[in-house]
Amino acid sequence: MPASKQQRKTDVLVELAKRRGIFWPSYEIYGGVRGLLTLGNIGFEIKRRLENLWIKYFVYSRNFQIIESPVIGPRPVYVASGHESQFTDKALKCEKCAAVFRADHLLSEAGIPIPEGASLQQIDEIVSTKGVKCPNCKGDFSKAFQWLLMFKTEIGAGTGEIGYLRPETAQGIFTEFKRLYVHGRSSLPMGVAQVGRVFRNEVSPRQGPIRLREFTIMEVEFFFDPDSNPGPSEENYLEHEIPVLTAEDQEKGVTGFRKIRVRDGVETGLFSSNWLPFFLVLTKRFLEALKIPEEAFRFREKLPSERAHYAKQLFDCEVLLESWGWTEVAGFAYRTDFDLSGHMRVSGEDMNVFISSSGRRMVPHVVEPSFGAERLLYALLEYSLRIEEDGRIRLSTPPYLSPFDVSVFPLLSKPDFVKKAAEVARMLGDFKVNFDDSGSIGRRYARSDEIGIPFAVTIDHQTFSDNSVTLRFRDTREQRRIEIGSLHAELSKLLSSPKPDV
RNA sequence: GCGGCGCUGGUCUAGCCUGGUUAGGACACCAGCCUUCCAAGCUGGGAAUCCCGGGUUCAAAUCCCGGGCGCCGCACCA
């Protein structure tokens, strides 16, 4: 077996990504910064198409709103959201061996319950009165310290007004809720989406493109009234099967997942809101469109101890990756009215809405599907990567998620061939065309396959006599002769993306 | 954060242990020739802060110290 077959896909992909301009570590000339990544020409386009497909599935198909809010938020926003106090690790550092522990984990493992939101002083007191020592070396701990996972900045010159870089896009939706509700014709349910950069000052980011300090989130805040809109009015989603690993199964030590028909899950009370399984089914359709294999993703219900501070119930969508195992690519949280109530309390603005059917006023509840774009991009690339027997690399991305729509090549790099090829390339101006006339035809096909361009049009001798070209398919290397006149229509058909059917 | 290992043109790497010519190769790239379909060949070419800083030495890619980044394990991952 050739060595190339035993190569890790991760290594091949990372090498390809650097060499062909998909992604690479940022600021390398200054030594690099952990957790920051630059997307190149190819990576940018694949990610942009991935985002567009997500928008098609999660925004357009449901007629949701989509907005773009600032990356910087004033401090009160993140006081109200609970991030300033909760999106933080209180940590203890051993004075002897310098190991760092999360205070809550360390103390609860030692059988000492600590009060919710304990202050640093309280933790120091507990540590000294209970005589807690470092589990590694029995050394003493220094004073507890706080590690805030949000990036902090200052708004304005010398004003001292603290701002935070957003750790999620959600708060930019919640803070605008009153206006968005009017734009949404003052009725529930209502979905508002956002795609944008978020920032998390991770203690120790690693795993290449998987754990980043700055990345792109694609999320929907879905507002509803649990009494009058407990779930979708259509019932199609109930008949779908989804791969689920429940909290109950995990507590029993089960590690696999099982296929659950949504209707059965609903009837056994698995879901705290029926909007959760609806979005899980939509996500299953989305991952199918990404060609992530059926056995390679699952929805894992998070255990109560793993849940974010705002979540009543949380499912992660995990994709199985070669190097990192089951990896979270999306989270589905039932946030209840936690966020709007928080902003109501801190800002003093009334977030209640009037429900006509019941004549009642209430603060809307929220279910939030939230996707990490870079992780999905990586998963897409890993499951698209093909390493041929002869060592050739091919990215078998779905056509609608490829960095170019089509390559156009002259068979030979002679002036008349090149001229004709340029003409055909111009004619296909509605598509993103990769025109290449350097090297041999085989080399050009290889370069084109390597970055996943699904189709190639080649101008050959016959083109000059009957105005036909060959259309080559990346995955099969099959070639079909086609009239130049029907090329546009044929490509449009081949490049169309699927529609969510939920 | 802790420990181990690593870092050399765009990519992958030889050289490092045992300090000393113009830091070698493969692939990729560019130009020309050739070429009737899958990384062919020929000729020429460009391209390297040997991760950064300091130290030892007549002399450092090579030895020592500190830092950055990467990988693996531990910890962390609202």
Side-chain angles (χ1 to χ4, degrees), chain A residues 7-8 10-12 14-21 24-36 40 78 81-94 96-106 134-137 145 147-150 167-168 170 198 200-208 210-213 302 305-311 314 316 323-324 327-328 331 333 370 388 390-394 409-414 417 438-450 456 458-464 469-470 472-474 476-479 481:
Chain A
Q7 270 181 301
R8 296 166 72 237
T10 315
D11 295 336
V12 173
V14 166
E15 188 271 338
L16 176 71
K18 276 193 278 196
R19 190 162 47 79
R20 294 305 306 272
W24 60 85
S26 305
Y27 305 115
E28 279 183 301
I29 67 163
Y30 289 104
V33 179
R34 269 191 291 182
L36 298 180
Y78 292 101
S81 71
H83 282 88
E84 193 183 74
S85 60
Q86 298 293 319
F87 193 61
T88 177
D89 288 341
K90 292 186 179 68
L92 289 164
K93 183 170 181 169
C94 173
K96 197 168 145 200
C97 73
V100 173
F101 300 89
R102 256 182 68 169
D104 53 349
H105 286 192
L106 185 77
C134 171
N136 287 359
C137 71
F145 65 94
W147 178 260
L148 182 63
L149 280 91
M150 285 192 292
E168 57 174 13
V198 300
R200 300 177 185 188
N201 203 0
E202 298 279 356
V203 176
S204 175
R206 227 191 250 182
Q207 305 169 329
I210 298 303
R211 264 176 77 185
L212 298 172
R213 286 189 163 128
K302 292 255 221 169
S305 61
E306 297 177 303
R307 272 185 226 144
H309 62 273
Y310 48 68
L314 191 55
D316 272 357
S323 293
W324 302 295
T327 303
E328 176 192 355
S370 175
E388 311 286 359
D390 59 4
R392 278 174 70 143
I393 294 171
R394 179 161 54 89
F409 302 141
L411 179 62
L412 302 175
S413 39
K414 285 182 172 169
F417 282 80
S438 111
S440 68
I441 186 70
R443 183 180 295 269
R444 297 194 293 256
Y445 285 144
R447 280 196 289 237
S448 179
D449 289 349
E450 195 173 57
T458 302
I459 280 69
D460 60 11
H461 289 81
Q462 199 180 325
T463 308
F464 297 98
V469 293
T470 65
R472 172 191 182 265
F473 294 79
R474 173 194 65 199
T476 59
R477 300 195 193 180
E478 175 210 345
Q479 278 179 291
R481 190 148 278 281

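A, B, ... follow the sequence lines: proteins, then strands. Residue 1 opens every chain.
Between the side chain of A:R444 and the base of B:rC38, no donor-acceptor pair of N or O atoms lies under 3.5 Å. The base of B:rC38 does not come close enough to the side chain of A:R394 for any donor and acceptor atom to sit less than 3.5 Å apart. Between the base of B:rC37 and the side chain of A:Q479 there is a donor-acceptor pair shorter than 3.5 Å.
Looking at heavy-atom distances under 4.0 Å, A:E450 makes contact with a base. A:E328 comes within 4.0 angstrom of nothing in the nucleic acid, heavy atoms only. A:F409 comes within contact range of no nucleotide atom at all, as no heavy-atom separation falls under 4.0 Å. A:I29 comes within 4.0 angstrom of a base, heavy atoms only.
B:rC38 and B:rC50 have their P atoms separated by 43 Å, given to the nearest Å. For the C1' atoms, the distance from B:rU57 to B:rG45 is 39 Å, rounded to whole Å. B:rC27 and B:rG66 are spaced 36 Å apart, taking the C1' atom of each and rounding to whole Å. For the P atoms, the distance from B:rC51 to B:rA14 is 13 Å, rounded to whole Å.
At least one side-chain heavy atom of A:F417 sits less than 4.5 Å from a side-chain heavy atom of A:H461. Counting heavy atoms from C-beta outward, A:Q462 and A:L411 have side chains that stay 4.5 Å or more apart. Considering only heavy atoms from C-beta on, A:H83 comes within 4.5 Å of A:P167 through its side chain.
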Carefully, step by step, assess A:T458 and A:R472 under the rule side chain to side chain donor-acceptor pair (under 3.5 Å). CA-CA 8 Å; A:T458 302; A:R472 172 191 182 265; over 6 Å; no
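Nearest-nucleotide positions on RNA chain B for A:T470 and A:K302 put A:T470 closer to the 5' end.
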I need a per-nucleotide contact map over nucleotides 24-36 of chain B, read 5' to 3'. Cutoff is protein heavy atoms under 4.0 Å; write B for the base, S for backbone only, - otherwise. ----SSS---BBB
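A straight line from CG of A:D460 to P of B:rC37 spans 10 Å, rounded to a whole angstrom. We find that CZ of A:F473 is positioned 16 Å from C1' of B:rC38, with the value rounded to whole Å. Between the OH atom of A:Y445 and the P atom of B:rA39 there is a distance of 11 Å, given to the nearest Å. Spacing between atom CD of A:E478 and atom P of B:rC37 amounts to 18 Å, rounded to whole angstrom units.
When A:R392, A:R443, A:R444 are each tested for a salt bridge (charged side-chain N to carboxylate O under 4.0 Å, His left out) with A:D449, only one passes: A:R392.
A:E15 meets the salt bridge (Lys or Arg N to Asp or Glu O under 4.0 Å) test with A:R19; sequence neighbours excluded. Scored by the ring-ring contact (aromatic ring centres under 6.0 Å, His included) test, A:Y310 finds no partners at all (sequence neighbours excluded). In this structure, the ring-ring contact (aromatic ring centres under 6.0 Å, His included) partners of A:W324, at least two apart in sequence or on a different chain, are A:Y378.
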Check nucleotides 66-71 of chain B against the protein and report each pair of N or O atoms closer than 3.5 Å, with its distance, or say if there are none.
| residue | atom | partner | partner atom | Å |
| --- | --- | --- | --- | --- |
| B:rG68 | O2' | A:G31 | O | 3.0 |
| B:rC69 | O4' | A:G31 | O | 3.0 |
| B:rC71 | OP1 | A:G208 | N | 3.3 |

Dot-bracket for RNA chain B, 5' to 3', counting Watson-Crick or G-U wobble pairs under 3.5 Å, with [ ] for crossing pairs and | for inter-strand pairs? (((((((..((((......[...)))).(((((.......))))).....(((((..]....))))))))))))....
